[in-house]
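See structure below.
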Amino acid sequence: MVQKPNDSRGLHGQVAGTTALCTVGASGSGLTYCGYDITDLAAQASFEEVAFLLQHGELPSQTELTIFKQSLAEQRTLSPLLCQVLERIPKDANPMDVMRTGCSVMGVLAPEHSFADQEQHAIRMLAQFPAICCYWYHFSHFGTRIATHSQADSLGGHFLTLLNQREASATEVAAMHASLILYAEHEFNASTFAARVAASTLTDIYSAVTGAIGTLRGPLHGGANEAAMALIDSFASPDEAEIGLLAMLAAKEKIMGFGHAVYRTNDPRNAIIKAWSRKIGVAKNDMNLFDISERCETVMWREKKLFANADFYHASAYHLLGIPTELFTPIFVMSRVSGWTAHIKEQRSNNRIIRPSAQYIGAEPRTYTSLSMRNR
Ligand SMILES: CC(C)(COP(=O)(O)OP(=O)(O)OC[C@H]1O[C@@H](n2cnc3c(N)ncnc32)[C@H](O)[C@@H]1OP(=O)(O)O)[C@@H](O)C(=O)NCCC(=O)NCCS
């Protein structure tokens, strides 16, 4: 269906509430978290500083950051019961279903009894999501029961250590920090809005986050980086990519990793992850995926004026970090849970149940006919 200028489907362009957490460029202020520009945060902050910022509205002092990181480190280990559940999930399961189930089980094993404890539960999810993903992955694929704690100093390092079963290099950890920061928060995107709708009913934090994970799972939202990987991996060279992409556009196919529901000319996260993709490619002496990606970007802009979004260069960056494609979207979960829980907290602080109305376009009022009278 052709999209008309006043198309109201999807609530695009409509203000659906207030937030002090994020701007997404519409107001001319670019992408900011609590007033801080994403470029400054990705270049200078750690992911833990950003997660603290989203929870508290202010960057942490050194002491606050130390305490925050300590709480995260202390809560990394998964409970044996959660491990048992993860061991029952088959190898061919969608890893996003694993994350959704893992989150839900966390809420069963240690429910949120009082909103006064919401930050502790948010920390617990942040701390344990990397292990949920990696424990299941190692057990289902290799039959190995990995330790779910590590000595890594950061969440990004912890995830890479569990996944690759070796200490990550400083460059790899820095790339993960940048990636986690870029994915941490994005105003009223679909999964965050889902979390806020759930939170507005005063349900528990795990139910709200479980719903958000299910929403992020869709290919038009979180799944785009995996689809982008499949795309660039299907081309052997930049020239092949150009030919393939032109054919896809001619066939009116949607190209994953391009376009955005809010941004119109560029996604500010793209330049940051693109730079990391290039840097990792140089460090690993493997520029092929980057070169293919760059050609795709050129063709898409030249042909359609469509720009690469945050997901596109994540594909090549993650691949070179040794991350299996099927785990790309779970990383999004590990990061975005910082934004989701901040929004849940914000929703609860000034709550009114979210319950919009619909414009009715169905049948006119009519008389009920009994079953025997319906001659169809
Ligand atoms: C993100 C997305 C869902 C936004 O959808 P949207 O708000 O409806 O997009 P727009 O209003 O800008 O679309 C305008 C036109 O460009 C087309 N378009 C948008 N993104 C496109 C893409 N990635 N590939 C091909 N065409 C695309 C749309 O189909 C639409 O065409 P139409 O007018 O003929 O229907 C859409 O761009 C998309 O599906 N992108 C690929 C998935 C993706 O990367 N998602 C991650 C987002 S961070």
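Computed from a predicted structure; not experimentally measured. Start at 1 and go down the list; that is how both ligands and their atoms are numbered. Here, residue 1 is the first one in the sequence, and each next residue gets the next number.
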Does R76 qualify as a cation-pi partner of F129, given the criterion of NZ or CZ under 6.0 Å from the six-membered ring centre and within 45 degrees of its axis?
no

Could you tell me if R348 sits above the aromatic ring of F115, with its cationic atom closer than 6.0 Å to the ring centre and no more than 45 degrees from the axis?
yes

Pair H319 and F328, ring centroids less than 6.0 Å apart:
no

Can the ring centroids of Y206 and H121 be said to lie less than 6.0 angstrom from one another?
yes

Under 3.5 Å between some N or O of ligand 1 and some N or O of N309?
yes

Is it the side chain (CB and beyond), the backbone, both or neither of H221 that lies under 4.0 Å from ligand 1, heavy atoms counted?
backbone

Determine, using ring centers only, whether H186 and Y263 are less than 6.0 Å apart.
yes

Taking the six-membered ring for Trp, are the ring centroids of W136 and H141 within less than 6.0 Å of each other?
yes

Closest by any non-hydrogen atom to atom 18 (N) of ligand 1: pick that one out of V262, L306, L245, D267.
L306

N/O of G257 under 3.5 Å from N/O of ligand 1, yes or no?
yes

Considering the heavy atoms of D311, write down every atom of ligand 1 situated less than 4.0 Å from one of them.
46 (C), 48 (S)

F258 to ligand 1: N or O pair under 3.5 Å?
yes

Nitrogen or oxygen of R264 less than 3.5 angstrom from that of ligand 1
yes

Distance filter under 4.0 Å to H12 heavy atoms, resulting ligand 1 atoms:
7 (O)

Using the ring centroid of each side chain, check whether F290 and Y313 are separated by less than 6.0 Å.
yes

Considering the heavy atoms of L220, write down every atom of ligand 1 situated less than 4.0 Å from one of them.
39 (O), 45 (N), 46 (C)

Judged by non-hydrogen atoms, does K304 sit under 4.0 Å from ligand 1?
no

Answer yes or no: does an N/O atom from I255 fall short of 3.5 Å to an N/O atom of ligand 1?
yes

Check ligand 1 against E253 and write out every atom of the ligand that is under 4.0 Å from a heavy-atom position of the residue.
25 (C)

Here the pair of heavy atoms bringing S293 nearest to S316 is OG-OG, 4.0 Å

Using the side-chain hydrogen bond (donor to acceptor under 3.5 Å, both in side chains) rule, pick out the option among T19, T341, N351 that qualifies with E346.
T19

Quick one: does K252 get within less than 4.0 Å of ligand 1, heavy atoms only?
no

Interfacing atoms of ligand 1 (cut-off 4.0 Å, heavy-atom, A224):
43 (C), 44 (O), 45 (N), 46 (C)

